[in-house]
Amino acid sequence: MLDPKLLRENFSATRTALARRSAEAAAAVDPLQELDARRRALQTQVDNLKNQRNVVSKEVGHLKSKGQDATEKIASMKAVGEQIAALDQQLRELEAELEQKALFVPNTPHSSVPDGADAAANREVRRWGEALKYDFKPKPHWELGPQLKILDFERAAKISGSGFVCHWGLGARLQRALIQFMLDLHSRKHGYTEVSPPFVVLEKAMVGTGQLPKFREDMYALKDDPQFLIPTAEVPLTNLFREEILKLADLPVKMCGYTPCFRREAGSAGKDTRGMIRVHQFDKVELVKIVEQEKSYDELEALVRDAEAVLQALELHYRVVLLCAGDMGFCAAKCYDIEVWCPGVGGYLEVSSCSNFETFQARRMNLRYKDAEGKTRICHTLNGSGTALARLTIALLETHQQADGKVSIPAALRPYLGGLEFLSNS
RNA sequence: GGUGAGGUGGCUGAGUGGUCGAAAGCGGCGGUUUGCUAAACCGUUGUACUGGUUAACUCCGGUACCGAGGGUUCGAAUCCCUCCCUCACCGCCA
């Protein structure tokens, strides 16, 4: 959510910034200006009436305590009371409308974010490693997985429908190893506190991190309860501190956590459907930071490096891409994607998305801190995948495959697999 | 799921339908005393919205907030209803 005061004072600048995303984004703020003006006028009116009522009611109290008659004042206030009730009702409706509209306005892009309407305008900022050359045609994971008997798409579909995978045998163990490897890396080397949160959250948590109300159709809602399956650990981890005022000494809050992620992918049917590039449920280790405003952009750079460390340790070639204004997610002010090379698929796949949301999420969840002067300010929140498992597994299998059909395991991961050096189907 | 007890400011904890935004204590902040620390004493102390004012939440006002939402009343922390949460016990259960 954007700062209402800032929006009021810098309306045209904000609108221009939003227009860098899309015309639709810019149009979303238009109704806010007029609604806000009406809201304030109405509130002033109601406040004045309430003041009148408070003053007279106190006089009634004084009169009664002295045993004097107050029936006239009481009668006149009855009418005022009815007026207040009616206007209060209008005010509540107006506020609800205003909030509803405000929740649909995306974040303004940071000045360092390049212009552009879509992925074509994204800017590659660096690469690590290079695409390996193979003296055979590298297979895609949807062939490798079943051959090695570690991925089972058909049986998964039998129990859950399309868009699900079952990890079998060493595949299941590989998932567990990767999760543990990443959690160890981030908690021991990068200073994040490991958190294992609930996988089911209330609607207000989903509103807090910006999944709702706009992206409802992408979420799995529980039928008989008011909760949702989490689409990412970002939701529970960031909301953990909602409605709190943190002390400066407690910042930065750095959390890492493993959760499964549940996504309906309602809008992307038919895209990237092959194998497990896009599935309804995948595992992910997420990194979340809650920081002071002045430090959030430095923390973003560090966050990206922390996520990159995973891929480097697993000897996977990747590139870091700075997203342009039109390609960024709803909440982000600035976002880097990390894309890993997958020789079987024949392209780069996004395994991490690292964003600074500035105050956008924190304002929605009323997450604040006391700064050095003791002033209460809205926190900046950040998160990044560290990293997403389904695609990481794809990259791992496809990159480290050999002509004989085996997949070599990078040295960093072997301790987590009992020293195993290869995946093979024997 | 059932029964009972509770939910009050950063924390502990009072609170009679009308000088209650709320006693008191702790903590925090400022000051005095002191070689330093400590102690003592004095003062101060929330959040949001909003009108005016300003270089500035700078100053002066207003409104709201005692778990949440309704209701009764001229007036609700206080009375009534619904819901949520916490704790205890019972039931069920990995």
Side-chain angles (χ1 to χ4, degrees), chain A residues 1-11 32-103 196-208 222 224-228 236 239-251 253 260 293-294 359 361-379:
Chain A
M1 197 144 66
L2 302 178
D3 182 349
K5 279 187 195 141
L6 217 78
L7 184 61
R8 199 184 299 156
E9 286 157 19
N10 303 318
F11 186 82
L32 298 185
Q33 198 171 31
E34 190 249 333
L35 282 171
D36 182 55
R38 270 168 61 199
R39 192 196 105 252
R40 278 183 297 147
L42 195 55
Q43 188 179 335
T44 306
Q45 200 183 346
V46 176
D47 281 358
N48 288 340
L49 285 170
K50 284 183 176 173
N51 180 31
Q52 191 187 341
R53 180 177 69 181
N54 288 344
V55 168
V56 176
S57 288
K58 270 187 185 163
E59 288 170 13
V60 170
H62 286 302
L63 287 175
K64 286 207 166 180
S65 66
K66 288 188 229 154
Q68 293 173 342
D69 179 58
T71 42
E72 203 176 303
K73 284 185 189 292
I74 289 174
S76 71
M77 278 308 101
K78 195 168 176 71
V80 173
E82 280 160 13
Q83 210 182 340
I84 288 172
L87 291 176
D88 247 344
Q89 174 67 19
Q90 279 180 42
L91 185 60
R92 272 198 301 270
E93 284 167 12
L94 202 56
E95 279 172 346
E97 190 185 350
L98 187 59
E99 200 202 346
Q100 197 51 36
K101 293 250 163 52
L103 287 174
S196 178
F199 302 163
V200 170
V201 295
L202 292 169
E203 174 152 356
K204 66 177 180 180
M206 297 283 267
V207 172
L222 268 47
D224 295 318
D225 291 290
Q227 286 123 332
F228 295 79
N239 276 282
L240 234 31
F241 293 93
R242 72 186 344 269
E243 288 144 46
E244 293 192 31
I245 300 177
L246 301 173
K247 296 193 199 98
L248 200 55
D250 296 331
L251 299 179
V253 175
Q293 297 191 357
E294 289 74 13
T359 60
Q361 294 181 326
R363 181 169 282 110
R364 287 170 165 242
M365 60 180 96
N366 202 17
L367 165 57
R368 296 167 296 173
Y369 69 102
K370 291 268 192 209
D371 72 7
E373 276 103 58
K375 278 176 65 172
T376 308
R377 302 175 75 190
I378 315 266
C379 296

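Chain A is the first sequence line, chain B the second, and so forth, proteins listed ahead of strands; every chain is numbered from 1.
Put simply, CG on D371(A) is 15 Å from C1' on A56(B), counting in whole angstrom units. Distance CG (D36(A)) to P (A48(B)): 17 Å, rounded to an integer number of Å. Distance N366(A) CG to C65(B) P: 18 Å, rounded to the nearest Å. If you measure from atom CG of L42(A) to atom P of A64(B), you get 15 Å, rounded to the nearest angstrom. Protein atom NE2 of H62(A) is 8 Å distant from nucleotide atom P of U19(B), rounded to whole Å.
Partner assigned to G25(B) is C11(B), using Watson-Crick or G-U wobble distances below 3.5 angstrom. Across all strands shown, A94(B) forms no Watson-Crick or G-U wobble pair with both distances under 3.5 Å. Under the Watson-Crick or G-U wobble criterion, with both distances below 3.5 Å, C89(B) is paired with G2(B). Base pairing analysis places U19(B) opposite nothing; no Watson-Crick or G-U wobble pair with both distances below 3.5 Å involves it. Checking G51(B) for Watson-Crick or G-U wobble geometry (two distances, each under 3.5 Å) identifies C60(B) as its partner. When both pairing distances are held under 3.5 Å, A77(B) makes no Watson-Crick or G-U pair with any nucleotide shown. In this structure, G46(B) forms a base pair with C65(B), meeting either the Watson-Crick or the G-U wobble geometry with both donor-acceptor distances under 3.5 Å. Across all strands shown, U37(B) remains unpaired; no Watson-Crick or G-U wobble contact has both distances below 3.5 Å.
Spacing between C11(B) and C74(B) at atom C1', rounded to whole Å, works out to 37 Å. Comparing the P positions of C85(B) and A76(B) gives an interatomic distance of 28 Å, to the nearest angstrom. A gap of 46 Å separates the C1' atoms of G71(B) and G30(B), to the nearest Å. Annotation: U34(B) and G52(B) have their C1' atoms spaced 47 Å apart (nearest Å). Separating the P atom of U8(B) from that of U63(B) is a span of 26 Å, rounded to the nearest Å. When the P atom is used for both G7(B) and A68(B), the distance is 13 Å, rounded to whole Å. Taking atom C1' on both nucleotides, C49(B) is separated from U44(B) by 25 Å, rounded to a whole Å. For the C1' atoms, the distance linking G43(B) with C36(B) amounts to 25 Å, nearest Å.
Put simply, R40(A) has a side-chain N or O that comes within less than 4.0 Å of OP1 or OP2 on G51(B). For the OP1/OP2 pair of U50(B) and a distance below 4.0 Å, the side-chain nitrogens and oxygens of K50(A) include no atom meeting the criterion. Residue K370(A) places none of its side-chain N or O atoms closer than 4.0 Å to OP1 or OP2 of G28(B). Within the 4.0 Å cut-off from OP1 or OP2 of U47(B), not a single side-chain nitrogen or oxygen of R368(A) is found. For R53(A), no side-chain nitrogen or oxygen approaches OP1 or OP2 of G62(B) to under 4.0 Å.
With D225(A) contributing its side chain and Q227(A) its backbone, the two residues share no donor-acceptor pair below 3.5 Å.
Within 4.0 Å of R363(A), counting heavy atoms only, lies no atom of the nucleic acid at all. Residue contacts for N54(A): at a heavy-atom cut-off of 4.0 Å it reaches the sugar-phosphate backbone alone, with no base atom in range. Residue K247(A) is out of contact with every strand shown, counting any heavy-atom pair closer than 4.0 Å. Looking at heavy-atom distances under 4.0 Å, K78(A) makes contact with sugar-phosphate atoms alone, never a base. Among the protein residues, K375(A) comes within range of no part of the nucleic acid, since none of its heavy atoms lies under 4.0 Å from any strand. Within 4.0 Å of V60(A), counting heavy atoms only, lies at least one base atom of the nucleic acid.
No hydrogens or angles considered: nothing links the side chains of R40(A) and Q43(A) as a donor-acceptor pair under 3.5 Å. Using modelled atom types and a 3.5 Å distance limit, the side chains of R53(A) and S57(A) yield no donor-acceptor pair.
With respect to the salt-bridge test (charged N to carboxylate O, under 4.0 angstrom), the residues R38(A) and E34(A) qualify. A salt bridge links E59(A) and K73(A); the closest N-O separation between the charged side-chain nitrogens and carboxylate oxygens is under 4.0 Å. Between D69(A) and K64(A) there is no salt bridge, since no side-chain N of the basic residue sits under 4.0 Å from a carboxylate O of the acidic one. The pair R39(A)-D36(A) counts as a salt bridge, with a side-chain nitrogen and a carboxylate oxygen less than 4.0 angstrom apart.
Residues T376(A) and I74(A) both approach RNA chain B. Their nearest nucleotides, taken by heavy-atom distance, put T376(A) toward the 5′ side. Residue whose closest nucleotide on RNA chain B sits further toward the 5' end, between R92(A) and I245(A): I245(A).
The number of heavy-atom neighbours closer than 6.0 Å to CD of E294(A), taken from other residues, nucleotides and ligands shown, is above 12.
N51(A) contributes no side-chain N or O that forms a donor-acceptor pair with the base of G62(B) under 3.5 Å.
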